[in-house]
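Just so it is clear, the values below take in all heavy atoms, side chains as well, and ignore hydrogens, waters and symmetry mates. Just so we're on the same page: letters track the sequence lines, and every chain starts at 1.
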2 protein chains.
Amino acid sequence: MCIRYLALIPPTPFIRGGAKKCMNFSTRTTYGLRAMIRLAGRKGPESLSLPNIAKAENISLGYLERLFSDLKKGGLVQSGKGVKGGYKLAKPAERIEVYEIVKSLEGKMSPFHCLDEGGKIYCKVSCRCGATKVLIKVQEAVKKTLKGIKLSDLVA
Amino acid sequence: MCIRYLALIPPTPFIRGGAKKCMNFSTRTTYGLRAMIRLAGRKGPESLSLPNIAKAENISLGYLERLFSDLKKGGLVQSGKGVKGGYKLAKPAERIEVYEIVKSLEGKMSPFHCLDEGGKIYCKVSCRCGATKVLIKVQEAVKKTLKGIKLSDLVA
DNA sequence: ATAAATACCTACTAAAATAGTGTGTATTAG
DNA sequence: CTAATACACACTATTTTAGTAGGTATTTAT
């Protein structure tokens, strides 16, 4: 998901055919969120299988499997193999921040760097150029927002 | 720029070689911001040429030209052709929000849509699924933040 | 007038990131 | 023993982003 769409375009009705780019999260995050919402929506203690979720959400199974690998590493879900296997939340939805979900799905990337006059690559340690100042403030705002939303808030 | 990096990674020192992806704005926005900061840093009324900026910021000239086409359409810069030509700010840096810059550079994209159970594509009008709720909140936070920063705040 | 420096325009190419597929192994309930 | 599941890895396809190449029009200085 690119910041531009987030910041620039108000939530307007969809216009079919008019959109080449979207202002969604990446499908990675979108899929992961929606799958987590499904898990959170379960009543009983039974697990929900990935083929089940993939079908319901129309997501490719292989892709979803990798997302859940990340969610599990992030400590957000528990898994069980076998016929009655599947996934369930590792803790109550009330105690899962959306921030944690996004972090698990997208967060193991790179440290912080930026362009600099010296060349295309890269920045000095602790660079604080103008673009960076902006970045830091936006970063803080997004983080705070994501931390303020619990998974349970998203269950219909 | 992807939201994940913004939200997830604190402004840590650069680690050379460790980064495959960055948490910057897209180079489009980064370049544009840096160029605008250069314009804002000028004292006199003379224009600054793109070859000048491109060299100083190590940006490809052709790419920069297209960015400035957008900035001009956005009403943020004025241009002059010819030997003494170039660009200057269309209004004082104190009155230019970073939001305007990002919007000019990245904002002419698509309306809002999201995935839905019905298929990969797309969302009903006024979709308010869980992922969308998150999106809207983040969107508001980012917009507010970008509006709160003036170009003049970024000049060293 | 001419030349040089600039804006400005369009099509094309390259690189990077994202999404999806294919194939396989291990584990578990029945 | 079988079927359904998690889990893993390599590969391909698609989309987005960045950069290049080549041109025209305008303006200033000579």
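- Residue-level contact check: B:Lys72 touches the backbone only, with heavy atoms under 4.0 Å from sugar-phosphate atoms and none from bases.
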### Summary
With sugar-phosphate taken as primed atoms, P, OP1 and OP2 and all else as base, the protein-contact string of nucleotides 22-30 of chain D at under 4.0 Å (heavy atoms; B, S, -) is ----BBB--

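- Annotation: side chain of B:Ser79 is in contact with side chain of B:Tyr87 (closest heavy-atom distance under 4.5 Å).
- Following rounding to the nearest Å, B:Leu48 (CG) and C:dA7 (P) show an atom-to-atom distance of 9 Å.
- Nearest to the side chain of A:Ser49, among D:dC7, D:dT5, D:dT20, sits D:dT5.
- Residue-to-nucleotide contacts include no donor-acceptor pair under 3.5 Å from the side chain of B:Arg66 to the base of D:dT17.
- To the nearest 0.5 angstrom, A:Thr30 atom OG1 is 10.5 Å from A:Glu57 atom CD.
- Rounding to whole angstrom units, NZ of residue A:Lys73 and C1' of D:dA6 are separated by 13 Å.
- In this entry the distance linking CG of A:Leu71 with P of D:dA6 reads 13 Å, nearest Å.
- Between the P atom of C:dA5 and the NZ atom of B:Lys55 lies a distance of 12 Å, rounded to the nearest Å.
- The OG atom of A:Ser104 lies 11.0 Å from the CZ atom of A:Phe68; values are rounded to the nearest 0.5 Å.
- No donor-acceptor contact under 3.5 angstrom links the side chains of B:Lys137 and A:Thr145, judged on distance only.
- Side-chain contact between A:Asp153 and B:Lys133 is absent, with no heavy atoms from C-beta onward closer than 4.5 Å.
- Contact check, B:Ser79 against C:dC8: a side-chain N or O comes under 4.0 Å of OP1 or OP2.
- Summarising the geometry, the separation between CG on B:Leu105 and C1' on D:dA18 is reported as 14 Å, rounded to the nearest angstrom.
- Of all nucleotides listed (C:dA19, D:dA6, C:dG20), D:dA6 comes nearest to the side chain of A:Leu50.
- DNA chain D is contacted by both B:Gly62 and A:Gly62; A:Gly62 maps to the nucleotide lying nearer its 5′ end (nearest heavy atom per residue).
- Other residues, nucleotides and ligands contribute more than 12 heavy atoms inside 6.0 Å of the NZ atom of B:Lys91.
- Of the charged side-chain nitrogens involved, at least one lies within less than 4.0 Å of a carboxylate oxygen, so that B:Glu97 and B:Lys147 count as a salt-bridged pair.
- Contact annotation for B:Tyr87: backbone-only contact, meaning every heavy-atom pair under 4.0 Å involves sugar-phosphate atoms and none involves a base.
- Going from atom OH of A:Tyr63 over to atom C1' of D:dA6 covers 19 Å, rounded to whole Å.
- Separating the CD1 atom of A:Ile53 from the P atom of D:dA4 is a distance of 18 Å, rounded to the nearest angstrom.
- With rounding to whole Å, A:Gln78 atom CD is found 17 Å from D:dT5 atom C1'.
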